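Following: one structure in structure tokens, then a few remarks.
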Amino acid sequence: MKHTLNQVFRSGKFVVGFTILMTVLLIVFIYPLIVRHPPLQIIGQGTFFPPGIYVSTYDAINAPTIYTLNLSDAQTRRIDNRLSQENRVAMKEWLVAYGVPEEEIDIEDTEKLLAQWEANYDPDLRLPGMTFARQRYFQRVNASIDGLLSTEGAIIAARNPETGELEEKSIVKQTDYANIGQVANVQLLLLGTDNFGRDVMTQLVAAAGVSLLIGLVAGLIATTIGLILGLMAGYIGGLVDDIIMFVTNLFTVIPTFVLLILISFSIGQDQRGAITIAIVIGFTSWVWTARAVRAQVFSLRNRDHVNLSKLSGHSVPRIIFADILPYIASYVVMAFILQVSSGILAEAGLSILGLGPRTTEMPTLGLMMNWAMIYQAHILGNWWAYLPVLLTIALISFSMNLMNTGLDQVFNPALRD
């Protein structure tokens, strides 16, 4: 065993795949210890917040210490943040349509552009050929650039409980800064939020764990069924082999994924838990394992050590498990790894079609893809809702296939260097 493990861990492909998979598993186990809130908890009042650090505006204003920084490029950044190049081009478009000569408009001259805009723009005016959505866009641009060149600070006022009048409490100058370490509420959203306002990173970690569990359960079931049937068909042969191959051929004729869809649909949404889906996947994906094990056993059952065991009067189960199984154990391990990977991909496919585990308990990688597609994250350009999920699925599958290739090179003499 020690020699075998040494050989396995000398395989570069296996080590790389194993390292990737262990890294994913460590994140799955450690991340929930750091981030405590449930993966399906709604933390954002809105949809698809982009990744970043979110600071409470209220707490930033009331930070214990205000620092004054005179940064030379602060005003430029402030203007660029509120008046993008796209907005400048759109403003020029409106002014030209309104009748301002194009040669008089310089979109790089911020002060002149804003002066022309202020002198001509009417938010209630709808120019010929302009859609209502476009008119609303110009209204939003107009609102965002209001007071853009002002050097005055922002006044903080509070209502007097006795008079009901607003009274000035303080002024936040444009040179005032708060140290983020002294702001009471700061939230890091590495991958933003999804369509429901839920933390995508927390969901992704939990979903990876659930999908790995589904793959593990499905792989165990499929490998166990395939191994038992393959051993029986390959060693006993005769009528037993004919019956097992008849059943196997029936499952081969019907595409596995179609069978999965039909069974999942018949179960119903309320009864489709993660383990239920894993069991369904496992009971429909054992076929190729059974056929492969049967072929391996056929080549072993007439070996000298097996015939010697027969002559010694050993029982069939003992011969199968003591004299045949150890010789195909490495192949079974490789088959198990591929079954786990196939189980994860099968769950993802079912969930994208809306036939995966119920959505009220724990997320899976497939369910996250389903939510992203339903709420058009790929159309809206909200990549953080689907791209990390795709990369996680690809990474897990890639790691397992690397491990399988590495094991194949170790145990298959034809592939050894």
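Please read all numbers here as calculations on a predicted model, not as lab measurements. Just so it is clear, the values below take in all heavy atoms, side chains as well, and ignore hydrogens, waters and symmetry mates.
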- Ring-ring centroid check Y375 W371, cutoff 6.0 Å: no
- Message: If only side-chain N and O atoms count, and only distance matters, is there a donor-acceptor pair under 3.5 Å linking N120 with W94?
- Response: no
- Are the side chains of Q116 and E104 in touch, meaning some heavy atoms are under 4.5 Å apart? yes
- Message: Closer than 4.0 angstrom, basic N to acidic O: yes or no for D106 and K92?
- Response: no
- Note on the structure: Tightest non-hydrogen contact, residues P357 and G273, listed as CB-C, 4.1 Å
- Message: Give me the atom names and distance for the closest heavy-atom approach of S11 to G406.
- Response: OG-CA, 3.3 Å
- Can you name the closest pair of heavy atoms from R272 and I277 and give their distance? CD-CD1, 3.7 Å
- Query: Are a donor atom and an acceptor atom from the side chains of E108 and Q85 found within less than 3.5 Å of each other?
  - Reply: yes
- Among side-chain atoms of E165 and N160, is any donor-acceptor pair under 3.5 angstrom? no
- Distance (rounded to the nearest 0.5 Å) between I396 CD1 and L365 CG: 5.5 Å
- Note on the structure: Heavy-atom closest pair (R198 atom, L40 atom, distance to 0.1 Å) is CD-O, 3.3 Å
- Hey, would you say the W384 and F49 ring centroids sit under 6.0 Å apart? no
- Message: In the structure I gave you, are the side-chain heavy atoms of M400 and N404 within less than 4.5 Å of one another anywhere?
- Response: no
- Heavy-atom distance under 4.5 Å between the side chains of V200 and T202, does that happen here? no
- So how far is it from I20 CD1 to S397 OG, rounded to the nearest 0.5 Å? 11.5 Å
- Task: Say whether, by atom type as modelled, one donor and one acceptor occur between the side chain of N370 and the main chain of I352 under 3.5 angstrom.
- Result: yes
- Query: Does a donor on one side chain and an acceptor on the other come within less than 3.5 Å for Q271 and T276?
  - Reply: no
- Message: Test your reading of the model: is there a side-chain donor-acceptor pair from D73 to the backbone of T76, 3.5 Å cut-off?
- Response: no
- Over 12 non-hydrogen atoms of neighbours within 6.0 angstrom of CZ in F283: no
- Message: Would you say that more than 12 heavy atoms from the other residues, nucleotides or ligands in this model lie under 6.0 Å from the CD of E102, or not?
- Response: no
- Message: Before you tell me yes or no, could you show the steps for N142 and F138 under side chain to side chain contact (heavy atoms under 4.5 Å, CB included), namely the whole-Å CA-CA distance, both residues' side-chain angles and the distance that decides it to 0.1 Å?
- Response: CA-CA 6 Å; N142 184 62; F138 286 117; over 6 Å; no
- Might you confirm whether atom OH of Y327 has over 12 heavy atoms from other residues, nucleotides or ligands at distances under 6.0 Å? no
- Item | Check: S351/E347 side-chain N/O donor and acceptor closer than 3.5 Å | yes
- Query: Which distance, rounded to the nearest 0.5 Å, do you find between the CG of L391 and the CG of L204?
  - Reply: 9.5 Å
- Item | Option among L231, L229, I225 that satisfies the side-chain contact (heavy atoms from CB on, under 4.5 Å) test with L227 | L231
- Message: Can you confirm whether more than 12 heavy atoms, excluding those of E152, are under 6.0 Å from its CD atom?
- Response: no
- Can you name the nearest heavy-atom pair linking I214 to A278, along with the distance? O-CB, 3.6 Å
- Message: Would the distance check show the side chain of D109 and the main-chain N or O of K112 forming a donor-acceptor pair, the cut-off being under 3.5 Å?
- Response: yes
- Message: Counting only heavy atoms from other residues, nucleotides and ligands, does the tally under 6.0 Å from OH of Y137 exceed 12?
- Response: yes
- Task: Mark yes or no for whether E167, through its side chain, and A158, through its backbone, hold a donor-acceptor pair below 3.5 Å.
- Result: no
- Message: Any heavy-atom pair between the side chains of T223 and L220 that's under 4.5 Å?
- Response: no
- Message: Does atom NZ (K173) have a neighbourhood of more than 12 heavy atoms from anything else shown, all under 6.0 Å?
- Response: no
- Task: Side-chain contact test, heavy atoms from C-beta onward, threshold under 4.5 Å: evaluate it for L26 versus V24 and give yes or no.
- Result: no
- What distance do L355 atom CG and L262 atom CG have between them, rounded to the nearest 0.5 Å? 9.5 Å
- Could you tell me whether the side chains of T151 and Q174 share a donor-acceptor contact shorter than 3.5 Å? no
- Item | CA sep, side-chain torsions, deciding dist, call: N87, S84, side chain to side chain contact (heavy atoms under 4.5 Å, CB included) | CA-CA 5 Å; N87 290 343; S84 65; 3.4 Å; yes
- Query: After noting the C-alpha distance and the side-chain angles of R318 and D323, does the key distance pass the side chain to side chain contact (heavy atoms under 4.5 Å, CB included) rule?
  - Reply: CA-CA 7 Å; R318 187 189 184 285; D323 299 316; 4.2 Å; yes
- Query: Is a side-chain N or O of N62 found less than 3.5 angstrom from the main chain of Y58, in a donor-acceptor match?
  - Reply: yes
- Message: Check whether N249 reaches the backbone of M245 with its side chain - one donor and one acceptor, N or O, closer than 3.5 Å.
- Response: yes
- Between the side chain of R10 and the main-chain N/O of V15, is any donor-acceptor distance below 3.5 Å? no
- Query: Is atom CE of M130 surrounded by more than 12 heavy atoms (other residues, nucleotides or ligands) closer than 6.0 Å?
  - Reply: yes
- Message: Taking atom CD as the centre, does E103 end up with more than 12 heavy-atom neighbours from other residues, nucleotides or ligands that are less than 6.0 angstrom away?
- Response: yes
- Query: What heavy-atom pair brings A335 and W288 nearest, and what distance separates the two atoms?
  - Reply: O-CH2, 4.0 Å
- Please test L149 against I79 for side chain to side chain contact (heavy atoms under 4.5 Å, CB included), starting from the C-alpha separation and ending with a verdict. CA-CA 8 Å; L149 298 180; I79 291 173; 3.8 Å; yes
- State whether a side-chain donor-acceptor pair under 3.5 Å links Y67 with Q182. yes
- Message: Looking at S264 and I261, would you say the former's side chain and the latter's main chain have a donor-acceptor pair under 3.5 Å?
- Response: no
- Message: Side chains of M91 and L83, heavy atoms from C-beta outward: is any pair under 4.5 Å?
- Response: yes
- Message: For G234, is there any backbone N or O sitting under 3.5 Å from a side-chain donor or acceptor partner on R294?
- Response: no
- Message: If I take atom CD from residue Q296 and atom OG from residue S330, how far apart are they, to the nearest 0.5 angstrom?
- Response: 8.0 Å
- Message: For R88, is there an ion pair with E93 - N to carboxylate O distance below 4.0 angstrom?
- Response: no
- Side-chain heavy-atom pair Y121, L95 within 4.5 angstrom cut-off: no
- Item | Donor-acceptor contact below 3.5 Å, side chain S211 vs main chain A208 | no
- Message: What's the separation between atom OG1 in T19 and atom CZ in F14, rounded to the nearest 0.5 Å?
- Response: 9.0 Å
- Side-chain heavy atoms of F257 within contact of L353, under 4.5 Å: yes
